[in-house]
Amino acid sequence: MQRFSRHLESVSNWIVESNKGDRFIFLIDRLQVHARSLDGGCCSGADDEHQPFGVSARPDSAPILARSLAFSFRSEDAMPSRIPLDPKLPKAFDATPNEARSKAQLDQWWDRPYGLTRPDGRIEVRCLNGGAWDRSTHLGIADDYDAACALAEAKQAEWLRFREQPRTCLDEGRVTVVRQPQRPDEEMLELASFATAEAATEYLRANFPEPSSSR
């Protein structure tokens with residue numbers, strides 16, 4: 001048992017040392033080992049049914065074992081999604097009422113940020129997301145492509161939090177809680193109706209608290 005524990009420790013140390021600086025997390029599943037292996041201090045090929053992928057647990061096989069059992073996943077600080085850079089946009093893209101756009105155009109461009117390279121080399125980030133009624137929304141300007149991707153992800157997420165937040169409106173003497181359409185081809189969604197503004201406000205506080213800013 002003690003020798004086997006040292007073997008696993010060797011594998012763990014190899015994973016940590018060989019992947020320092022990488023943006024990946026390595027997850028190793030439970031290593032099933034036959035009882036005879038623990039007693040004998042050796043994992044032979046005869047125990048393949050108890051050895052995932054049929055790999056021995058000798059210290060000198062640590063790289064093989066790690067590569068066999070390791071699955072890479074993006075870490076929490078993973079690279080933002082890649083946005084299209086200087087894409088070919090539909091004709092009159094920034095001079096068309098959103099309600100007049102085709103379903104195909106909305107499917108392709110709605111809530112999908114993209115970048116436009118400026119004469120000075122910086123990148124303007126824009127997105128057709130309802131921030132303007134007849135054109136794409138200016139999200140900001142970044143110094144390079146990676147920064148543009150990060151800006152697009154952050155600004156679009158901020159906008160979505162705002163757009164999805166329910167609102168109140170007065171409708172025939174009642175206060176109705178609604179969520180605005182999230183796309184031009186969608187309808188407004190009625191969530192609840194109350195006799196007073198106070199009741200509607202309490203409903204919103206209980207069910208849809210205002211997003212807190214982490215900045």
Side-chain angles (χ1 to χ4, degrees), residues 23-25 27 71-172 174-193 200 203-215:
R23 302 170 67 92
F24 296 97
I25 300 173
L27 302 180
F71 297 86
S72 61
F73 291 88
R74 284 185 172 181
S75 60
E76 293 181 357
D77 62 341
M79 186 176 294
S81 299
R82 307 287 84 183
I83 63 173
L85 183 60
D86 298 322
K88 183 177 180 180
L89 299 170
K91 185 178 180 180
F93 188 70
D94 279 332
T96 302
N98 293 333
E99 291 76 11
R101 300 179 191 272
S102 67
K103 181 180 184 303
Q105 187 176 124
L106 293 175
D107 288 345
Q108 182 176 5
W109 292 105
W110 193 258
D111 286 339
R112 298 178 184 274
Y114 59 92
L116 299 175
T117 304
R118 294 164 59 93
D120 62 2
R122 295 187 299 166
I123 299 173
E124 178 184 7
V125 180
R126 302 188 67 89
C127 184
L128 185 67
N129 60 13
W133 69 277
D134 66 342
R135 65 193 61 213
S136 60
T137 304
H138 172 83
L139 298 184
I141 297 177
D143 290 333
D144 54 50
Y145 179 67
D146 284 342
C149 292
L151 185 152
E153 185 174 275
K155 291 297 184 180
Q156 178 64 7
E158 181 180 324
W159 168 252
L160 290 179
R161 286 193 297 269
F162 172 80
R163 194 182 69 193
E164 293 169 355
Q165 194 71 10
R167 312 293 178 204
T168 59
C169 64
L170 189 61
D171 182 21
E172 297 182 354
R174 294 186 65 82
V175 180
T176 305
V177 179
V178 300
R179 175 176 280 124
Q180 297 295 331
Q182 299 301 296
R183 266 178 52 141
D185 55 356
E186 293 180 352
E187 299 293 331
M188 183 171 62
L189 178 63
E190 181 177 322
L191 302 177
S193 181
Y203 170 82
L204 285 173
R205 287 175 179 168
N207 296 279
F208 303 98
E210 289 288 341
S212 59
S213 174
S214 59
R215 302 180 185 182

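No hydrogens, no waters, no symmetry mates; every other heavy atom, side chains included, goes into these values.
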Where do Ile83 and Ala152 come nearest, in terms of heavy atoms and distance? CG2-CB, 3.9 Å

First locate atom CZ of Arg135, then atom CG of Leu128, and finally report the distance between them rounded to the nearest 0.5 Å. 11.5 Å

Is any side-chain heavy atom of Val178 closer than 4.5 Å to a side-chain heavy atom of Gln180? yes

Quick one: CD on Glu153 to CG on Leu139, what's the gap to the nearest 0.5 Å? 12.5 Å

Shortest non-hydrogen contact from Ser81 toward Cys149: O-CB, 3.5 Å

Can you confirm whether more than 12 heavy atoms, excluding those of Glu187, are under 6.0 Å from its CD atom? no

Kindly say whether Pro184 contributes a backbone atom to a donor-acceptor pair with the side chain of Trp110 at under 3.5 angstrom? no

May I ask you to test the Asp94-Arg126 pair for a side-chain heavy-atom distance under 4.5 Å? yes

Output the distance between atom CG (Asn98) and atom CH2 (Trp133), rounded to the nearest 0.5 Å. 8.5 Å

To the nearest 0.5 Å, how far apart are SG in Cys127 and CG in Leu160? 8.0 Å

Rounded to the nearest 0.5 Å, what separates atom OG1 in Thr176 from atom CG in Leu170? 8.0 Å

Is there a side chain to side chain contact (heavy atoms under 4.5 Å, CB included) between Asp185 and Leu106? Walk through the geometry before answering. CA-CA 9 Å; Asp185 55 356; Leu106 293 175; 3.8 Å; yes

Can you pull the salt bridge (charged side-chain N to carboxylate O under 4.0 Å, His left out) pairs that have at least one residue in residues 101-112, sequence neighbours excluded? Lys103-Asp107, Asp107-Arg183, Asp111-Arg163

Do the side chains of Arg122 and Glu124 get close enough for a salt bridge, i.e. N-O under 4.0 angstrom? no

Sidechain-backbone polar pair: Glu190 side chain, Met188 backbone, donor-acceptor under 3.5 Å: no

Would a 4.5 Å heavy-atom cut-off, applied to side chains only, mark Trp159 and Thr137 as touching? no

Could you tell me the separation between the CZ atom of Arg179 and the CZ atom of Arg167, rounded to the nearest 0.5 Å? 10.0 Å

Output a table of donor-acceptor pairs, distance under 3.5 Å, between side-chain atoms of residues 84-93 and any protein atom two or more places apart or on a different chain; print 'none' if there are none.
residue, atom, partner, partner atom, Å
Asp86, OD1, Thr117, N, 2.7
Asp86, OD1, Thr117, OG1, 3.4
Asp86, OD2, Thr117, OG1, 2.8

Evaluate the side-chain proximity of Thr168 to Leu204: yes if any heavy-atom separation is below 4.5 Å, no if none is. yes

Check Phe208 against Gln165 and note the closest heavy-atom contact, atom names and distance. O-NE2, 2.8 Å

Side-chain contact, heavy-atom cut-off 4.5 Å: Tyr203 with Val177? yes

Testing the basics here: between Arg174 and Ser193, what is the closest heavy-atom pair and its distance to 0.1 Å? NE-OG, 2.9 Å

